Q: 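To start, I am sharing the structure in question, which I have written as structure tokens.
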Number of protein chains: 2
Amino acid sequence: MSPASSTKERILGIARDLFARQGYTGTSIADIARELGTTTAALYYHFPSKADILRALLADPMAAYTRLLDGMRDTPLPPEELLGALIDLAAESRELAVIIDRDPAVLKLITDQLPQPSEQLNEQVIAALAGPDADHLATIRAHAAYSVTKNVTLAAMSLGAPGADNKLDPADRAEILHAALRALDQ
Amino acid sequence: MSPASSTKERILGIARDLFARQGYTGTSIADIARELGTTTAALYYHFPSKADILRALLADPMAAYTRLLDGMRDTPLPPEELLGALIDLAAESRELAVIIDRDPAVLKLITDQLPQPSEQLNEQVIAALAGPDADHLATIRAHAAYSVTKNVTLAAMSLGAPGADNKLDPADRAEILHAALRALDQ
DNA sequence: GTCTATACCCGGATAGAC
DNA sequence: GTCTATCCGGGTATAGAC
């Protein structure tokens with residue numbers, strides 16, 4: 001899939017891996033350089049800062065997420081399709097999903113410097129799931145459905161375990177989707 | 001509830017607050033000292049290390065959690081009661097729940113030095129929810145129910161917002177419980 | 001119990017040679 | 001594109017006076 005293993009690509013791959021395992025704050029530039037087999041100075045030839053490595057990693061997934069929500073303003077998706085899309089997004093950017101809301105420093109980076117407020121991205125999802133004239137309890141059910149799509153997708157892919165090619169088993173996907181729908185529907 | 005506001009207690013209160021907001025790694029001893037109105041050196045009179053502050057905070061909630069699971073080996077609880085208990089535990093130690101699985105450094109601290117392996121505490125819960133002869137999809141449903149109890153409880157209490165006295169609205173609790181049960185039951 | 005001062009280390013980042 | 005060397009800041013922790 002990736003054309004060539006340029007140094008830049010290798011760095012991103014290593015960083016994605018280490019960030020997922022140790023967290024963004026818990027991973028040092030030296031850690032990445034060691035895995036890469038070079039010095040920290042060499043890293044700075046390819047990326048101007050540690051934060052830029054993170055931004056490069058998050059750019060695509062964030063864009064996909066934003067695209068989904070923007071599209072929903074024109075043509076609202078039925079809950080089943082929205083939840084399915086959320087599962088797929090979580091599965092695609094598995095490692096990133098782990099990084100994002102586990103590290104306060106990362107949250108800050110995102111909210112500070114990205115086009116959109118991004119904390120309100122989540123709120124948009126909840127609002128879309130809860131429906132137009134949602135009361136408080138409907139909002140809670142929306143949270144429940146969302147929580148299932150995100151967390152159980154990650155859990156299922158960890159369960160699949162060893163080699164598992166970053167692919168979510170279709171049967172698992174169906175089960176997660178149904179569980180989320182049940183949680184949503186009063 | 002707390003007898004006197006000894007310095008030790010004040011430190012713990014401030015630390016719980018800051019850890020929840022900035023993460024354990026993201027909070028420095030200096031941060032805590034500033035809030036306390038003293039210097040970092042003063043802090044070290046009360047606690048021998050930063051990790052010890054965290055341990056003091058986690059001791060009670062961890063014990064409660066362990067107690068619940070141990071008790072279940074003798075007399076297994078029906079899913080409804082187990083899920084209810086998990087909601088209550090999450091609500092009681094709201095800030096701590098946030099700290100624990102958001103910071104890899106904290107996970108390490110817990111797994112390293114606590115009596116039980118603790119990563120397997122979660123697995124015990126999943127196993128209990130999935131039932132004795134659970135297949136793969138039943139395990140996924142168990143994850144879904146567990147995810148709802150934990151994450152939606154936290155979300156609901158944040159929603160409650162400002163002053164909210166660390167108390168989970170009974171109506172909210174019921175809604176969370178029902179959503180979790182629906183997610184669990186095929 | 002709290003202070004000042006400081007040791008020590010580690011992380012991010014830069015300069016400049018090769 | 002990678003190296004050596006180094007700066008700087010901030011973090012944990014300690015020594016010792018008060």
Side-chain angles (χ1 to χ4, degrees), chain A residues 2-59 99 102-113, chain B residues 2-58 99 102-110 112-113:
Chain A
S2 31
S5 172
S6 72
T7 306
K8 218 161 180 164
E9 301 288 341
R10 285 184 57 221
I11 292 173
L12 290 176
I14 292 169
R16 173 166 36 230
D17 195 54
L18 290 179
F19 288 170
R21 278 169 27 211
Q22 317 175 350
Y24 173 74
T25 311
T27 302
S28 73
I29 296 283
D31 288 339
I32 301 175
R34 192 178 314 116
E35 200 91 353
L36 185 66
T38 65
T39 61
T40 66
L43 261 177
Y44 279 93
Y45 173 82
H46 300 281
F47 291 94
S49 80
K50 184 185 172 185
D52 282 279
I53 298 179
L54 179 63
R55 272 189 286 269
L57 284 174
L58 295 183
I99 301 174
R102 287 212 178 171
D103 195 324
V106 174
L107 274 183
K108 202 159 182 303
L109 251 179
I110 297 179
T111 29
D112 279 3
Q113 343 193 351
Chain B
S2 31
S5 174
S6 73
T7 305
K8 219 162 178 163
E9 301 287 341
R10 286 185 57 222
I11 293 173
L12 289 175
I14 292 169
R16 172 165 37 229
D17 196 53
L18 290 178
F19 288 170
R21 278 169 28 210
Q22 317 175 349
Y24 173 74
T25 311
T27 301
S28 71
I29 297 283
D31 289 339
I32 302 175
R34 192 179 314 117
E35 200 92 352
L36 185 65
T38 66
T39 61
T40 66
L43 261 177
Y44 280 92
Y45 173 82
H46 300 280
F47 290 94
S49 79
K50 185 184 171 185
D52 282 280
I53 299 179
L54 179 63
R55 272 189 285 269
L57 283 174
L58 295 183
I99 301 174
R102 286 214 177 171
D103 195 323
V106 174
L107 274 184
K108 201 158 181 304
L109 252 179
I110 297 178
D112 279 3
Q113 344 192 348

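Small disclaimer: the values here were computed from a predicted structure and weren't measured. So you know, we letter chains A, B, ... as the sequences are listed, proteins then strands, and number each from 1.
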Q: Excluding sequence neighbours, so at least two apart, what forms salt bridge (charged side-chain N to carboxylate O under 4.0 Å, His left out) with A:R21?
A: A:D17
Q: How does each nucleotide of nucleotides 1-16 of chain D score, in 5' to 3' order, for protein heavy atoms under 4.0 Å: base (B), sugar-phosphate only (S), or none (-)?
A: BBBB------SSBBB-
Q: Got a sec, which residues hit side chain to side chain contact (heavy atoms under 4.5 Å, CB included) with B:A41, two or more places apart in sequence or on another chain?
A: B:T39
Q: Can you tell me which residue pairs pass the salt bridge (charged side-chain N to carboxylate O under 4.0 Å, His left out) test with a partner in residues 33-52 of chain A, sequence neighbours excluded?
A: A:D31-A:R34, A:D52-A:R55
Q: How would you list, by chain and number, every residue that makes a side chain to side chain contact (heavy atoms under 4.5 Å, CB included) with A:A20, sequence neighbours excluded?
A: A:E95
Q: How would you list, by chain and number, every residue that makes a side chain to side chain contact (heavy atoms under 4.5 Å, CB included) with B:R102, sequence neighbours excluded?
A: B:V98
